[in-house]
Amino acid sequence: MVGLFSAGYVGYGRYLSRFVELDDSRDTPAHKYQDGQEYVPAKKPVLLGHHFSSIAGGAPIAGPITAAFIWGWVPAVLWVAIGNPLMGAVHDFMALSSSIRHEGKSIGFIIGEYIGRRGKNMFLLFAFLVIILVVAVFALLVAIILDAYPQAATASLIYIGLAVVFGVWLYQLDLPLSVGTLLFVAGIFGSVWAGLQFPVALYEPSGFADEAFVLLSGSGEWVPGAGLFGANTAMWILVSLVYAALASVLPVWVLLQPRDYLSSFLLYTGVGGTLLAIVVGTILGTTEGGASALQIEVPAYTSFMGGPLVDVAMPLFPLLFITIACGTISGFHSLVSSGTTAKQLNKESDARTIGYGGMLAEGLLAATALSAVSVIAVTEGGVSGIGAALPNFAEGGGLILTSFGIPLLTGEVFMALVFVSFLLTSLDTALRLGRYMVEELVGTPETPVEETAANKYVNTGIATFAAFLLVSSGQWEQLWPLFGGANQLLAALALLAATVWLANWKDTKQLLTTGVPVIVMTFITICGLLWLAFVENLQRTFLSSEWMAEASALEMGSSAMRLVLALVLVWLALSIIKMGYDNVQSARDNLLTTDEPAVGTDDD
């Protein structure tokens with residue numbers, strides 16, 4: 001996979017750079033509109049760290065884990081290896097490139113520029129609903145991992161504090177990046193040691209966890225969701241949501257940029273170290289338990305309708321392709337690329353490394369996740385289901401790292417910290433992007449209602465509360481595919497925006513690079529969302545007398561919300577795609593000339 005991705009970066013990435021005519025002589029939006037808040041030019045390594053951490057999150061870990069346990073590891077590997085360089089990396093690069101050519105504005109703005117206000121508003125509404133799903137599932141993932149590994153909770157708290165200090169180091173004291181990198185990255189790795197010595201939990205942990213220092217007294221029955229998840233997990237959900245809301249309204253230099261830069265070193269070490277440890281452990285047999293410990297335990301393939309870990313039939317098509325979103329192609333990345341990254345890009349040529357290269361690196365993270373869970377195929381601790389299998393990433397990663405002589409628990413905590421650090425990054429980045437979307441929807445406030453909606457504290461609070469209501473259902477197996485379907489359909493719309501931009505640029509711009517993925521992803525994701533709506537959330541719930549007799553009011557409300565949300569997303573997407581297609585047809589008719597250079601020349 002490393003060789004395939006390298007060839008894609010060198011070949012296809014270079015072609016795309018010429019295709020969109022990247023030119024360092026142009027001022028990027030970060031320089032044009034520098035304000036010290038949102039538009040802040042960043043050095044390429046810093047911005048790559050922010051971008052990579054924001055797009056990676058926990059989804060390229062959770063998605064492949066889920067898919068591997070349902071259908072086997074071979075379908076998961078094939079989807080990542082083929083889809084990433086041909087669709088996912090193209091999607092991220094084009095989203096970033098189109099945004100910097102439109103003053104760092106979002107994909108929604110670009111759609112509005114060419115399709116009209118109605119198309120823009122529909123896209124922003126679609127994206128805002130996806131943001132709520134992102135925040136809901138990532139908050140649940142953070143809580144699951146912190147409950148399973150209290151040591152990672154301590155390490156995560158220290159890591160956040162170090163990131164704030166690093167931001168002051170860089171942007172207030174103007175101290176050297178290289179020296180700060182050495183000091184604060186060392187501090188991040190030191191936080192793993194601190195977590196091993198002082199693991200903390202909010203309430204008594206459950207499932208996987210060992211002993212921990214419990215910070216809050218009582219049973220925690222009052223915590224919303226305690227009956228569904230356990231008090232410790234439910235409380236971590238609340239804490240992570242509050243953290244994300246606060247972090248999302250801070251200037252980017254305070255936490256977002258420095259934290260994401262530091263996070264990138266965790267990811268580089270986690271991915272590179274794990275892949276190298278697999279080679280070392282296999283050849284030298286230095287893994288705890290010998291080389292046999294690295295044998296694949298997850299089946300290569302279970303069945304088209306899924307393996308024994310799920311209670312109901314889940315067809316490989318289309319659900320595999322929406323279960324693994326991040327790692328292959330993810331619409332959320334377009335919101336990051338055009339929402340925060342484009343406002344910090346120092347020069348246009350950086351877009352290739354950050355946009356195309358960043359997505360390839362995420363594909364390697366997905367491969368690492370598959371490797372980690374493949375050697376640990378047993379769910380322990382008296383818990384069951386896909387959601388309970390997620391801590392196996394840290395356990396399997398820790399086992400692989402014993403190839404270097406690293407103690408098993410130390411490796412597990414480090415991999416758990418890697419997981420959580422990117423989940424936290426995606427949480428507050430998502431809420432920040434949601435705020436941008438609401439502000440774009442409102443425009444210039446003219447009424448008290450619009451002023452209230454444009455208030456960053458109000459709209460951030462609304463998105464956070466909606467995410468909490470959604471995650472409170474506790475239905476991981478239904479919530480994750482819905483997020484994946486919405487996310488993949490958002491990717492199709494972002495690629496549509498790039499296609500419309502190219503069509504309106506000049507008539508010689510070929511549209512296959514972005515147009516084919518639009519068609520493929522639209523077909524797959526609409527099939528998936530319709531399955532989730534009519535089978536998962538209608539046939540198996542409201543049309544089932546057994547389910548209706550046992551379901552609580554919360555479960556009924558959550559199922560109804562998921563059903564309506566899936567159908568609304570399909571309707572919004574089809575409406576936007578129809579408007580985009582009409583615009584492409586009209587643009588090509590208006591731009592058709594005979595004196596344009598052919599595609600592939602230096603002018604392209």
Side-chain angles (χ1 to χ4, degrees), residues 7-33 39 41-44 47-48 51 85-107 109-115 333-334 336-360 491 494-518 580 583-584 586-604:
Y9 178 78
V10 172
Y12 207 21
R14 180 178 297 168
Y15 165 74
L16 290 173
S17 297
R18 293 183 60 218
F19 181 59
V20 300
E21 303 174 17
L22 295 181
D23 185 354
D24 287 344
S25 66
R26 295 190 185 97
D27 280 341
T28 62
H31 288 283
K32 287 182 182 178
Y33 307 109
Y39 291 86
K43 297 177 180 178
K44 185 161 68 171
L47 185 55
L48 178 61
H51 179 80
L86 295 180
M87 292 194 292
V90 173
H91 164 275
D92 289 20
F93 175 82
M94 294 303 296
L96 178 56
S97 299
S98 60
S99 179
I100 61 175
R101 294 295 174 78
H102 292 83
E103 314 302 332
K105 300 293 186 179
S106 71
I107 294 296
F109 175 88
I110 296 170
I111 286 180
E113 185 80 3
Y114 300 107
I115 296 178
H333 297 188
S334 70
V336 175
S337 297
S338 67
T340 58
T341 304
K343 295 178 175 65
Q344 301 171 62
L345 196 74
N346 187 44
K347 54 183 180 179
E348 287 197 355
S349 61
D350 291 348
R352 179 186 172 198
T353 300
I354 293 169
Y356 196 90
M359 183 56 191
L360 294 177
L495 285 164
L496 173 69
T499 305
V500 170
W501 167 51
L502 294 172
N504 282 269
W505 184 350
K506 62 175 69 171
D507 71 289
T508 56
K509 289 294 181 186
Q510 56 89 359
L511 305 181
L512 294 178
T513 298
T514 55
V516 171
V518 170
N583 177 269
V584 169
S586 174
R588 279 297 154 100
D589 290 342
N590 293 334
L591 287 175
L592 188 60
T593 62
T594 58
D595 57 354
E596 293 284 359
V599 176
T601 63
D602 289 339
D603 199 33
D604 281 323

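One-based numbering along the sequence shown.
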Show your reasoning for whether side-chain hydrogen bond (donor to acceptor under 3.5 Å, both in side chains) applies to Ser337 and Asp92.
CA-CA 7 Å; Ser337 297; Asp92 289 20; 5.2 Å; no
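In terms of heavy-atom proximity, Val90 sits nearest to Tyr12 at CG2-CE2, 3.5 Å. Shortest non-hydrogen contact noted between Val500 and Gly580 is CG2-O, 3.9 Å. Summarising the geometry of Asn346 relative to Pro41, their closest heavy-atom pair is OD1-CB, 4.0 Å, with the distance given to 0.1 Å. Here the closest heavy-atom approach between residue Ala342 and residue Ile100 is recorded as CB-CG2, 3.9 Å. Closest approach of Ala42 to Leu47, counting heavy atoms only: CB-CB, 4.0 Å. Residues Glu103 and Pro29 share a closest heavy-atom pair of C-CG, 3.5 Å.
Residues Ser99 and Phe109 have side chains not in contact (no heavy-atom distance under 4.5 Å, counting atoms from C-beta outward). Proximity of Pro85 to Leu360: side-chain heavy atoms (C-beta onward) are separated by under 4.5 Å at one or more points. A heavy-atom distance below 4.5 Å is not found between the side chains of Glu348 and Glu21. Leu502 has its side chain out of reach of Gln510: every pair of non-hydrogen atoms, C-beta onward, lies at least 4.5 Å apart. For the pair Pro517 and Leu86, the minimum side-chain heavy-atom distance is 4.5 Å or more. Using a 4.5 Å heavy-atom cutoff, the side chains of Gln344 and His51 are not in contact. In this structure, the side chains of Ser97 and Leu22 come closer than 4.5 Å at one or more pairs of heavy atoms. Counting only heavy atoms from C-beta outward, the side chains of Ile354 and Thr341 approach each other to under 4.5 Å.
Here CG of Asp350 is found 12.5 Å from NZ of Lys43. Values are rounded to the nearest 0.5 Å. Annotation: the span from Leu345 atom CG to Thr340 atom OG1 amounts to 11.0 Å, rounded to 0.5 Å. Once rounded to the nearest 0.5 Å, the distance linking NZ of Lys32 with CZ of Arg26 reads 9.0 Å. We find the CH2-CZ distance between Trp505 and Arg101 to be 5.0 Å, quoted to the nearest 0.5 Å. Once rounded to the nearest 0.5 Å, the distance linking CG of Asn504 with CG of Asn583 reads 4.5 Å.
Considering Lys509, His91, Met94 in turn, Met94 is the only one that fulfils the side-chain contact (heavy atoms from CB on, under 4.5 Å) rule with Thr514.
Tyr39 pairs by the ring pair (Phe, Tyr, Trp, His ring centres under 6.0 Å) definition with Tyr33, not counting sequence neighbours. In this structure, Tyr9 has no ring pair (Phe, Tyr, Trp, His ring centres under 6.0 Å) partners at least two apart in sequence or on a different chain. Arg14 is linked by a salt bridge (charged side-chain N to carboxylate O under 4.0 Å, His left out) to nothing, counting only residues two or more places apart in sequence or in another chain.
At least one donor-acceptor pair closer than 3.5 Å links the side chain of Asp24 to the backbone N or O of Ser349. Looking at Ser334, its side chain never comes within 3.5 Å of a backbone N or O of Ala494 through a donor-acceptor pair.
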